[in-house]
Amino acid sequence: MDSADIANDLTEVLYTKDQIAARLAELAAEIDRDYADKNPLLVGVLNGAVMVVADLSRALKIHCEMDWMAVSSYGSGTQTSGVVRILKDLNAHLAGRHVIVVEDIIDTGLTLSYLMQNLATREPASLQIMTMFRKPAAIQVELDIAYVGFDIPNQFVVGYGLDYAGRYRNLTGVGILSPAIYS
């Protein structure tokens with residue numbers, strides 16, 4: 001789905017498919033350099049990170065593995081519920097592994113902070129964060145984020161894996177969702 005297909009649902013397009021792909025290629029080059037000969041495990045956080053993990057893994061020139069976690073702190077609304085639940089845990093063991101947690105977006109950081117604490121107890125060799133989008137004005141906890149695609153405004157955005165009530169994930173770019181849609 002292209003932003004032109006849902007132009008009335010967006011107030012602004014922040015990043016196009018091409019801009020996202022170009023930035024993802026830059027991030028992949030950084031990861032290639034930092035993880036040469038380390039065979040990192042990319043841990044995608046479902047459902048939003050599916051697009052990011054798929055495109056990032058294809059852009060990497062090094063070997064990597066993938067696994068998935070599903071955590072929940074959002075309902076169908078636009079605000080976090082404040083309660084984090086693990087809905088699907090990893091299949092892989094992390095002990096001694098180089099792990100990169102891949103997120104679609106970091107908003108308050110509360111969910112990711114919980115997740116990082118949980119994963120750290122599993123004794124990985126290293127544990128880093130890669131996010132495609134970050135809202136600096138919304139972050140409520142300190143996180144060490146190794147790889148950031150784009151900083152975005154503290155508004156409700158959709159596309160490239162980001163959704164509202166399960167919709168808009170397949171939008172190839174990222175845009176600000178019109179408040180008329182979720183009000």
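As the structure is a prediction and not an experimental result, all values here were calculated from the model.
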List the atom of [X], the atom of [Y], and the distance in Å for their closest heavy-atom pair.
| X | Y | result |
| --- | --- | --- |
| R23 | V148 | NH2-O, 2.7 Å |
| L14 | P153 | CD1-CD, 4.0 Å |
| F156 | D163 | CZ-O, 3.5 Å |
| M51 | N170 | CE-CA, 4.2 Å |
| A125 | H98 | CB-CE1, 3.7 Å |
| L42 | C64 | CD1-SG, 3.9 Å |

Are [Y] and [X] connected in a single hydrophobic cluster, I mean Ile/Leu/Val/Met/Phe/Trp/Tyr linked by side-chain heavy atoms less than 4.5 Å apart?
| X | Y | value |
| --- | --- | --- |
| Y164 | M1 | yes |
| V53 | L90 | no |
| V174 | I145 | no |
| L119 | V45 | yes |
| I105 | L112 | no |

Would you mind reporting whether [Y] and [X] have side-chain heavy atoms less than 4.5 Å apart?
| X | Y | value |
| --- | --- | --- |
| I106 | L143 | yes |
| E103 | V52 | no |
| M132 | D104 | no |
| K88 | D67 | yes |
| V43 | V102 | no |
| Y114 | V141 | no |
| P40 | I62 | yes |
| L10 | S3 | yes |

* Do NZ/NE/NH1/NH2 and the carboxylate oxygens of D151 and R134 come within less than 4.0 Å? ->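 Looking at D151 and R134, the cut-off is met.
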Rounded at 0.5 Å granularity, tell me how far [atom1] in [X] sits from [atom2] in [Y].
| X | Y | atom1 | atom2 | result |
| --- | --- | --- | --- | --- |
| D144 | Q128 | CG | CD | 6.0 Å |
| L171 | L162 | CG | CG | 9.5 Å |
| D107 | I139 | CG | CD1 | 8.5 Å |
| L177 | I6 | CG | CD1 | 7.5 Å |
| K38 | I31 | NZ | CD1 | 12.0 Å |
| N91 | M66 | CG | CE | 13.5 Å |

* Full working for side chain to side chain contact (heavy atoms under 4.5 Å, CB included) between I20 and F150 -> CA-CA 9 Å; I20 292 168; F150 299 102; 4.3 Å; yes
* Asked: Looking just at side-chain N and O atoms, do D55 and Y160 make a donor-acceptor pair shorter than 3.5 Å?
  ->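 The criterion, which ignores hydrogens and geometry beyond distance, is satisfied for Y160 and D55.
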* **Step-by-step side chain to side chain contact (heavy atoms under 4.5 Å, CB included) determination, Y35 to S126** => CA-CA 10 Å; Y35 287 85; S126 66; 4.2 Å; yes
* Asked: For Y147, which of T131, D34, I129 qualifies under side-chain contact (heavy atoms from CB on, under 4.5 Å)?
  ->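 One option only clears the test, and that one is D34.
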* To do: Examine distances only and state if a side-chain atom of D32 and a backbone atom of K61 form a donor-acceptor pair shorter than 3.5 Å.
  =>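 Side chain of D32 to backbone of K61: a pair is present.
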* To do: Keeping the roles fixed (side chain from S183, backbone from P179), state whether a donor-acceptor pair exists under 3.5 Å.
  =>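 Flag set: sc S183 to bb P179 pair under 3.5 Å.
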* Asked: Within a reach of under 6.0 Å around NZ of K135, are more than 12 heavy atoms found that belong to other residues, nucleotides or ligands?
  ->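 Result for NZ/K135: enclosed.
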* Asked: Does CD belonging to E30 count more than 12 external heavy atoms closer than 6.0 Å?
  ->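 Buried by this count: over 12 neighbours within 6.0 Å.
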* To do: Output, in order, the C-alpha distance, side-chain angles, deciding distance and verdict of side chain to side chain contact (heavy atoms under 4.5 Å, CB included) for I181 and Y168.
  => CA-CA 12 Å; I181 300 295; Y168 303 101; 3.7 Å; yes
* Carefully, step by step, assess L127 and V101 under the rule side chain to side chain contact (heavy atoms under 4.5 Å, CB included). => CA-CA 7 Å; L127 183 59; V101 175; 3.9 Å; yes
